[in-house]
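Structure first, commentary second.
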There are 2 protein chains.
Amino acid sequence: MTTRPGPRERLLDAARELTYSQGVQVGVDAILKQADVARRSLYQHFGGKDGLVAEVLRSDGGLDRYRQVMNEAGDDPRERVLAVFDELDAITSQPAFRGCRYTAAELTLTDPAHPAHAEVRAFKEGLHRLMAAELTRHGHPAPDAGADQLLVLIDGVLAHAVTRPGARPALAARALAEAVLAASK
Amino acid sequence: MTTRPGPRERLLDAARELTYSQGVQVGVDAILKQADVARRSLYQHFGGKDGLVAEVLRSDGGLDRYRQVMNEAGDDPRERVLAVFDELDAITSQPAFRGCRYTAAELTLTDPAHPAHAEVRAFKEGLHRLMAAELTRHGHPAPDAGADQLLVLIDGVLAHAVTRPGARPALAARALAEAVLAASK
DNA sequence: AATTAGATAGACCGATTGATCTACTGTCAA
DNA sequence: TTGACAGTAGATCAATCGGTCTATCTAATT
């Protein structure tokens, strides 16, 4: 039989799911209930709700998913970048799609002192490095600026898909990503 | 001496400011205090907090601001579209910038029944029509698809600027907007 | 002058929030 | 056997939430 994970993992799993489907405003009680964990364990492991939310973002592995999608697309930088937008089209078409978890956290948590903000920034910086590396391999004359453009496109797709469900923004963005790639020599 | 606006206007002004600076999670009490209005007036005029929030979005005049920026740029559709991104660069560079109020509302308010969602959608649709009209005048072969691209860029700029303050995403997006315009015959 | 509608002030409500606390249980190692 | 420790269960806390209520005041209408 499968041993179920410890309280810490169960808390992270429950929080990851509920803070996405219901937003970070979800109550601690709901998380505790779904995790089937004692109240005290939460404060023992994460210090409080804020710490739990931050750890959810930190341990989310969002960057790994981007890497995986690109790796499955092969070696060609161009194909690897475009594969990201194909994947975005699939993600944003799912009924359970509720936007980018990082952007949502950033916009929802107004308090600048919230530990989640640092995690959001770290994620975006990591994604920027990821994209810049691809553009460098592709011979792009300004990989940093190009990565900025790709990030705008990615964030734009994830933000826009929430408000206009039928728009398929990833397809629109994919064509612009090709324009970014076309800047290479 | 200037007669101060009625309770309804004061409520809208206070709510517009506070829901932006502190998010829609801001308490009713804070809005009432800043508006210097009796509690009852809020429920008399708007039925509740949800109604007030929705009316803030509806009466925000965000579309008018886009129109004004484009009108100030003259008649040429190309200049009018690019002026939008110049303006976005200015807006996102302000210290008080806290993201797109509509996107934030959409991501924060999880309840699908919240009346704000309809206002968000109406705004984005209006913006889409605005951009499509410019592309049509510019001779774009597919104004609707082109407007989709411009909206992704706009949403991307507003979303990305929140998480990476120094990135100047509007400048990156402006170059891509030129690519959209270049599709015209 | 009488009536009426809108606004104000503020008490009050039940529900929920995040967090702390005590008491108890099970496990493993010394 | 003892002790340490992590986890559980649940009472409890103060604060805050959105919303309803009564009572009073004011200004325009009739």
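So you know, we letter chains A, B, ... as the sequences are listed, proteins then strands, and number each from 1.
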Beyond-backbone contact of B/Leu42 with B/Val37, side-chain heavy atoms, under 4.5 angstrom = no

Take the protein atom [atom1] of [X] and the nucleotide atom [atom2] of [N], then report the distance between them rounded to whole Å.
X       : N      : atom1 : atom2 : result
B/Gln44 : D/dG18 : CD    : P     : 19 Å
A/Arg40 : D/dA6  : CZ    : C1'   : 10 Å
B/Gln22 : D/dT16 : CD    : C1'   : 14 Å
A/Leu32 : D/dG10 : CG    : C1'   : 12 Å
A/Leu11 : D/dA6  : CG    : P     : 15 Å
A/Leu42 : D/dT8  : CG    : C1'   : 14 Å
B/Asp29 : D/dG18 : CG    : P     : 7 Å

Can [X] and [Y] be counted as an ion pair, charged N to O under 4.0 angstrom?
X       : Y        : answer
A/Arg80 : A/Glu134 : yes
A/Asp29 : A/Arg39  : yes
B/Asp13 : B/Arg10  : no
A/Arg78 : A/Glu178 : yes
A/Asp86 : A/Arg174 : yes

Taking any atom under 4.0 angstrom from a heavy atom of chain B, which nucleotides of DNA chain C are the first and last to qualify, 5' to 3'?
-> C/dA7 to C/dA11

For DNA chain C, whose closest nucleotide is more 5', that of B/Arg8 or that of B/Arg39?
->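 Counting from the 5' end, the first nearest nucleotide belongs to B/Arg8.
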
Does A/His45 place a side-chain N or O at less than 4.0 Å from the phosphate oxygens OP1/OP2 of D/dG7?
->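 Checking A/His45 against D/dG7: at least one side-chain N or O falls below 4.0 Å of OP1 or OP2.
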
At under 4.0 Å, does any side-chain N or O of A/Arg10 touch on OP1 or OP2 of D/dT8?
->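 For A/Arg10, the contact criterion (side-chain N or O under 4.0 Å from OP1 or OP2 of D/dT8) is met.
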
Give B/Gly6 one of three labels, base, sugar-phosphate or nothing, depending on what nucleic acid heavy atoms sit under 4.0 Å from its own.
->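 Counting heavy atoms under 4.0 Å across all strands, no contact is made by B/Gly6.
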
May I ask you to say what B/Asp36 touches in the nucleic acid, namely base, sugar-phosphate or nothing, with a heavy-atom cut-off under 4.0 Å?
->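 Sugar-phosphate, backbone atoms only, no base.
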
If you measure only the distance, is there a donor-acceptor pair under 3.5 Å linking the side chains of B/Gln25 and A/Gln25?
-> no

